[in-house]
Amino acid sequence: MPFPEDSIAPHETIVLDLHPHWWYIAKSGIVLVVAMIVGLWAAIALTTDDAAWQDAVKLLVAIWVLVNLGWFLTRFIQWISTHFVLTSDRVMSRSGVFAKSGIEIPLERINTVFFNQRIVERMLGLGDLAIESASTDGAQHFEDIRRPSDVQREIYIQMESNDNRKMDRMGQAAAGGREAAAGAPNTADQISQLAALRDQGHLSEAEFQAKKAQLLDRM
């Protein structure tokens, strides 16, 4: 299930859209497989002279299988509905199907990104990520992230790109302001134009003095 495009701004692009690592559901899956094997053994190979005891054991095993199946399905739904998203502007985390929760961290507010991998996690390609930002909540922690070192590097790349875009926009705005200032006539030129209109008879002396006073007041 991809992250919905309507959750991002029109100018944003999605760089990473990650579900938790498959290890997130592997533990419940392994237990479910073991429970199903035991259930098949109980259904086929378990024989005893005490029929009541045999039925009780099979019932308990069946309940155990159903409980583990429910656990696996719950973890699977949590896995497929959890997103760690990096866009060109921010880092987001979303989880939940009916009751949703989420975190958003603008790239310009991120100070440091940490990752941690234990030996087994490094072998499997997952780890934990911590993002320290300029907020009162401190560092935000994200677990079971795929290839956390690559994610850390990509976050820093997007932070640099975001800073470059901001500097470009500031430079364009400053250049536009200089062009507008250079193209606009100054007060002395405007007064000279008004004087010419007066001399040509298009303005009276009173109108000329009133317009001149308005221009001088703006200085």
Side-chain angles (χ1 to χ4, degrees), residues 1-35 68-172:
M1 183 188 300
F3 189 76
E5 295 283 346
D6 57 2
S7 297
I8 64 173
H11 64 274
E12 275 185 291
T13 56
I14 295 178
V15 180
L16 294 175
D17 178 11
L18 303 176
H19 293 297
H21 191 271
W22 57 264
W23 183 246
Y24 183 85
I25 57 175
K27 291 170 281 188
S28 59
I30 292 171
V31 174
L32 176 60
V33 170
V34 172
N68 283 284
L69 177 60
W71 180 35
F72 174 78
L73 291 176
T74 300
R75 295 287 287 182
F76 179 79
I77 292 172
Q78 291 173 344
W79 174 79
I80 203 171
S81 62
T82 299
H83 296 264
F84 179 88
V85 180
L86 171 63
T87 75
S88 53
D89 289 345
R90 50 188 167 158
V91 172
M92 295 185 289
S93 175
R94 294 285 188 275
S95 61
V97 178
F98 301 108
K100 292 183 176 290
S101 61
I103 298 171
E104 291 188 11
I105 308 174
L107 293 179
E108 60 266 21
R109 296 180 65 85
I110 294 177
N111 295 328
T112 314
V113 182
F114 307 92
F115 76 90
N116 178 58
Q117 288 180 294
R118 292 179 283 272
I119 295 176
V120 175
E121 291 176 335
R122 188 172 181 181
M123 293 171 60
L124 295 175
L126 75 151
D128 300 333
L129 203 69
I131 299 179
E132 192 176 76
S133 62
S135 68
T136 57
D137 297 330
Q140 299 290 341
H141 296 270
F142 306 93
E143 298 180 350
D144 297 323
I145 298 296
R146 302 179 186 182
R147 304 183 305 276
S149 60
D150 293 344
V151 174
Q152 179 196 48
R153 181 171 62 253
E154 190 60 47
I155 290 174
Y156 282 132
I157 291 173
Q158 294 304 316
M159 288 171 63
E160 183 177 357
S161 298
N162 187 57
D163 287 341
N164 291 338
R165 287 193 299 272
K166 288 176 62 178
M167 294 299 294
D168 289 342
R169 288 194 294 267
M170 291 172 62
Q172 292 171 1

| said: Rounded to the nearest 0.5 Å, what separates atom CZ in Arg146 from atom CG in Leu129? | reply: 14.5 Å
| Side chain proximity check, Val113 to Tyr156, heavy atoms < 4.5 angstrom | yes
| message | Let me confirm one number: the CG-CG distance from Leu124 to Asp144, rounded to the nearest 0.5 Å. | response | 10.5 Å
| query | Should Met92 and Arg94 be marked as a side-chain contact (heavy atoms from CB on, under 4.5 Å) after you check the CA-CA gap, both sets of side-chain angles, and the distance that decides it? | reply | CA-CA 7 Å; Met92 295 185 289; Arg94 294 285 188 275; 3.9 Å; yes
| message | For the CZ atom of Arg147 and the CZ atom of Phe115, what is their distance to the nearest 0.5 Å? | response | 13.0 Å
| Distance, nearest 0.5 Å, that separates CH2 of Trp79 from NE2 of His21 | 10.5 Å
| message | Check this for me: does any side-chain nitrogen of one of Arg109 and Glu132 sit under 4.0 Å from a carboxylate oxygen of the other? | response | no
| remark: To the nearest 0.5 Å, atom CD1 of Ile131 lies from atom CZ of Phe142 at 4.5 Å
| query | Are a donor atom and an acceptor atom from the side chains of Glu12 and Ser88 found within less than 3.5 Å of each other? | reply | no
| request: Flag the pair Leu18 / Val151 as yes when at least one side-chain heavy-atom distance between them is below 4.5 Å, and no otherwise. | output: yes
| How long is the gap from CE on Met159 to CD1 on Ile110, to the nearest 0.5 Å? | 5.5 Å
| query | Do Tyr24 and Gln78 have a side chain donor and acceptor closer than 3.5 Å? | reply | yes
| field | Gln117 side chain vs Gly127 backbone, donor-acceptor pair below 3.5 Å | value | no
| Taking side chain as C-beta onward, heavy atoms only, is Val15 less than 4.5 Å from Thr87? | no
| field | Among Leu86, Leu16, Asp89, the one residue meeting side-chain contact (heavy atoms from CB on, under 4.5 Å) with Gln158 | value | Leu86
| request: Would you indicate whether the side-chain heavy atoms of Lys27 and Val31 approach each other to under 4.5 Å? | output: no
| message | With side-chain contact (heavy atoms from CB on, under 4.5 Å) as the criterion, how do Leu69 and Trp71 come out once you've worked through the C-alpha distance, each side chain's angles and the decisive distance to 0.1 Å? | response | CA-CA 5 Å; Leu69 177 60; Trp71 180 35; over 6 Å; no
| pair Ile145-Phe84: side-chain heavy atoms closer than 4.5 Å | yes
| Which heavy atom of Gln140 sits nearest a heavy atom of Ile103, and at what distance? | OE1-CD1, 3.4 Å
| Looking just at side-chain N and O atoms, do Asp17 and His83 make a donor-acceptor pair shorter than 3.5 Å? | yes
| message | Does Glu104 have more than 12 heavy atoms from other residues, nucleotides or ligands lying within 6.0 Å of its CD? | response | yes
